[in-house]
Every structure is written in C-alpha cells, then in structure tokens.
There are 2 protein chains.
Amino acid sequence: MPAAAPRADNRLPLVLDAAARLFRERGYAVTSMRDIAADSGMLAGSLYYHFASKEDLLVAVYAEGVKRITAAVEEALRAPGEPWERLERVCAAHLSALLDDSDYGQVVIRVRPDDVPDVARRLAELRNGYERLFARAVDALPLARKADRRALRLMLLGALNWSQTWYRSGQDSPAAIARRFVRLLHGSTL
Amino acid sequence: MPAAAPRADNRLPLVLDAAARLFRERGYAVTSMRDIAADSGMLAGSLYYHFASKEDLLVAVYAEGVKRITAAVEEALRAPGEPWERLERVCAAHLSALLDDSDYGQVVIRVRPDDVPDVARRLAELRNGYERLFARAVDALPLARKADRRALRLMLLGALNWSQTWYRSGQDSPAAIARRFVRLLHGSTL
DNA sequence: TGGAAAACCTAACGCTTGTTAGGTATAGTC
DNA sequence: GACTATACCTAACAAGCGTTAGGTTTTCCA
C-alpha cells in the first residue's frame with residue numbers, strides 16, 4: 001500500500017497560526033489568502049493544498065479555538081471546590097483563553113458565524129458544544145428552585161465574551177475580572 | 001446668493017436605510033456599494049454624490065444608530081422612579097433599540113470599530129459617548145462605598161450587547177430580559 | 001420661463017480577491 | 001538509489017471591489 005507519511009517541512013502549523021492571528025487582529029473578511037500565505041512564507045495558491053477554501057481554513061482555526069477553550073474549562077471543572085468557587089474558576093479559564101492565551105480562542109468570539117453563511121452552521125455547532133459545557137458550571141449552583149439559570153448563564157457568558165471589547169492587557173487580570181463578575185451575581189457584597 | 005435647496009426626489013434616506021439593513025444583516029465588509037445602491041434603486045457610482053467613501057457611509061449609519069439608542073435611553077432616564085427601577089428601564093430601552101426597533105441600533109453593536117481602521121476612532125468615540133450616558137444610571141445606584149461600579153457597568157452592558165447573539169424575536173421581550181438581568185444583580189431573589 | 005444647482009447615470013479605471021491547472025523539488029520508503 | 005507521494009511554486013483566470021470623470025436629467029426658485 002502507498003505510504004502516507006507526512007513530511008517534516010510541512011508548514012501547515014505556520015499557516016494555522018498566521019490565519020488565527022490575522023483573523024483575530026483584522027477579522028475574517030478583511031484578511032486575504034495572500035496575507036495568510038505571506039505570513040507563512042508561502043504563496044496564496046499553496047494554501048489550497050491544505051484547505052479546499054478560505055472558509056475551510058476558518059473552520060479549522062475556529063475548531064482549534066473551541067478545543068483550547070474547552071480544555072481550559074474542563075480542567076477548571078475537574079478541580080474540587082464549592083460550586084460558586086468553581087464557577088469563578090471556570091470564568092477565569094474562559095477569560096484567559098479569550099484574552100491572553102492565544103489567537104485561536106479570540107477568533108471564536110471575534111468571528112460571528114453569520115458573517116460566513118456557508119459554514120455558519122458548523123461554526124455555531126462548535127460554539128454551542130462548548131456552551132453546553134459552560135452550562136454545567138451554572139447548573140451546579142445551589143439556587144432557589146425558581147431561579148432563572150438560563151438568564152444567569154446568558155448574562156455571565158455575554159459579559160465575559162464582550163470583555164474582548166474593552167479589555168486591555170496589563171490592567172485587570174482575567175482572574176480578577178472573573179472574581180468581580182461572579183461576586184456581583186453571588187451578591188455577597190452588594 | 002445661489003439657492004441651496006434640497007430636492008424632494010432625494011434618495012439619501014433610502015440609501016441610509018438600505019445600508020443600515022445590509023450592514024446589520026451581513027456585516028460591513030461583506031456588503032458592497034453595489035448592494036446598497038441596488039436596494040436603493042440606484043447605481044453604485046451615484047452613492048458618491050452623498051458620501052465620499054464607503055467608510056463615510058458607515059459613519060453616517062453608525063451615528064444615526066447611536067443617536068437613536070441615546071434618545072431611547074435618555075427618555076428612560078428622565079422618568080421618575082427608584083434607581084434600580086430606573087436602571088431596569090434604561091436596560092430595557094437599550095435592548096429595544098438593539099434588538100427590535102430598527103437596523104441602525106443593531107449596526108452599532110454588530111460593527112466593530114477595529115474592523116474599519118480608517119474610521120475606528122470616530123466610531124469608538126460615538127460609542128463611548130453613549131456609554132457615558134449609560135454609566136449615569138449605574139452611578140445613581142445606592143451601593144456600598146467599596147462596591148465596584150465599573151465592573152457592574154461593564155458586566156451589564158456586555159450582557160446586554162451580547163444578547164444580539166442569542167436573541168430570537170418572539171421568545172423573550174427586551175423588557176423581560178432587562179428585568180431578569182437587573183434582578184440577578186440586585187440580588188433580591190437569589 | 002429661464003437658469004442653475006441638485007441628483008443621478010454612464011462607463012470605465014485599476015486593483016484585489018478567491019481559486020485553479022499544471023509543473024517542480026524535496027523527503028521518506030523499499 | 002530508484003520511486004512515489006508530499007508539499008509547494010508558477011502563472012494565470014474571471015469576477016468583484018471601491019472609486020472617478022464627465023455627461024444628463026430633473027427639480028426648484030426667481
């Protein structure tokens with residue numbers, strides 16, 4: 001049978017990194033395949049050896065982003081502790097993956113599925129998959145039966161995701177932001 | 001002196017409406033001048049009688065959006081009532097302008113200033129101007145001295161703005177969402 | 001009713017875009 | 001050391017983009 005061995009000079013990782021960085025910095029629509037190729041030391045046409053289209057490249061970056069956020073949050077969920085404390089750690093992990101860690105996580109928040117109609121569904125499914133994980137941390141909270149867990153989840157997640165708009169590294173740390181937000185909901189200091 | 005009278009067949013309002021609708025539906029980068037012109041019953045070149053560039057057109061739409069949101073929130077601020085109650089009304093007005101009222105308000109949230117570098121500063125200033133107004137509703141709250149008003153403002157505004165992502169008209173009304181969010185922070189039922 | 005500005009059309013420019021067909025060198029396997 | 005799939009380059013395509021110069025019609029005012 002034919003040997004299907006990858007080679008060492010494969011620049012696919014470079015392509016993904018460059019795409020993630022540019023999608024995050026400028027947005028998907030404004031970034032051209034030539035931009036990505038140039039940052040990878042390649043030419044535009046060569047990208048089509050790895051991806052069938054620009055949209056497929058986005059899906060790959062997006063999926064990697066979801067994967068990283070998921071991994072960070074899953075780790076925060078595993079650690080022991082009281083439910084509110086664990087939620088705070090989950091939010092801190094979410095924020096870290098969103099603001100500090102890498103370009104991949106930021107792409108997941110920055111790029112709207114609707115902006116790329118042809119793959120909008122796949123992107124939305126990827127994001128929804130993660131949000132179900134986040135919901136677990138909210139469901140574990142000891143709340144009154146009539147409490148609106150959905151509203152709490154949507155509010156918290158929205159506030160976290162929007163932080164990409166105003167966050168400037170060097171001021172508040174993701175952990176500090178997460179603590180403040182969760183305590184506003186916990187209502188101990190109000 | 002020469003008469004500078006505008007004419008009745010002026011299609012500028014149509015152009016603004018079409019641009020607002022398309023910028024909201026598809027995003028700024030994906031929308032072409034030809035799309036906007038076609039929806040206004042005109043040709044692409046004709047748009048340049050009203051606007052010097054595509055970016056200028058965006059600024060006009062964006063400014064109108066900020067104006068409408070501001071008007072709605074100012075009205076909510078004028079009405080009498082207890083501070084928490086007034087904040088709830090402000091949030092409801094903000095959400096209405098964002099989700100229901102028109103395309104203009106949605107453009108303000110949907111289009112990121114960074115996506116359009118040449119006019120990013122002007123867009124950001126427009127948005128900041130409004131957010132200072134929103135801050136007044138938060139500053140009026142009777143909180144403990146050490147309470148973090150900035151975090152509360154950022155959390156609430158982020159949660160509201162992000163609602164554009166998951167909101168589907170027909171389910172929850174903006175007023176209902178605003179009430180739930182504000183009460184989560186007020187902490188009376190938790 | 002004449003004149004002039006307002007509002008738009010026509011037609012095209014130069015450029016960038018995503019994408020492709022076909023050729024080439026390199027690396028790993030037998 | 002021949003062979004083959006891998007990984008990329010070359011060169012170009014058609015289509016769409018924002019924008020512009022110059023001409024044409026329409027509306028308003030005096």
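Note: hydrogens, waters and symmetry copies are ignored here, and every other heavy atom, side chains too, is used. Letters A, B, ... are given to chains in the order of the sequence lines, protein chains preceding strands, and every chain is numbered from 1.
Distances shown here put every side-chain N or O of B:R11 at or beyond 4.0 Å from the OP1 or OP2 atom of C:dA7. Put simply, B:Y48 has a side-chain N or O that comes within less than 4.0 Å of OP1 or OP2 on D:dT19.
Between B:Y49 atom OH and D:dA21 atom P there is a gap of 17 Å when expressed in whole angstrom units. In this entry the distance linking NE2 of A:H50 with C1' of D:dC8 reads 8 Å, nearest Å. We find that CZ of B:F51 is positioned 15 Å from P of D:dT20, with the value rounded to whole Å.
Each of A:M42 and B:Y28 was assigned the nucleotide of DNA chain D with the nearest heavy atom; the assignment lying further toward the 5' end belongs to A:M42.
Taking both residues in full, the closest heavy atoms of B:A18 and B:D39 are given as CB-CB, 3.8 Å, listed atom of the first, atom of the second, then distance. Closest non-hydrogen pair, A:A92 versus A:A175, comes out as CB-CA, 4.0 Å. Between B:R127 and A:T165, the closest heavy-atom pair is NH1-CG2, 3.9 Å. What you find for A:Y130 and A:V66 is that their closest heavy atoms are CB-CG1, 4.2 Å.
DNA chain C lies under 4.0 Å from no heavy atom of any residue of residues 16-27 of chain B.
Taking the side chain of A:N10 as heavy atoms from C-beta on, and the options D:dT19, C:dC8, D:dA7, the nearest nucleotide is D:dA7.
Geometric assessment of B:K67 against the ring of B:Y104 yields a negative cation-pi assignment under the 6.0 Å and 45° thresholds.
Linking Ile, Leu, Val, Met, Phe, Trp and Tyr whenever their side-chain heavy atoms come within less than 4.5 Å puts A:Y167 and A:L98 in one cluster.
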| Reading 5' to 3' through nucleotides 10-17 of chain D, protein heavy-atom contacts under 4.0 Å coded B for base, S for sugar-phosphate only, - for none | B-B----B
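Salt-bridge check for A:R21 with A:E25: passed, with a basic side-chain N closer than 4.0 Å to an acidic carboxylate O.
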| task | Decide side-chain hydrogen bond (donor to acceptor under 3.5 Å, both in side chains) for B:D56 and B:H50; before the verdict, give the C-alpha distance in whole Å, the side-chain angles of both, and the deciding distance to 0.1 Å. | result | CA-CA 9 Å; B:D56 279 19; B:H50 297 288; over 6 Å; no
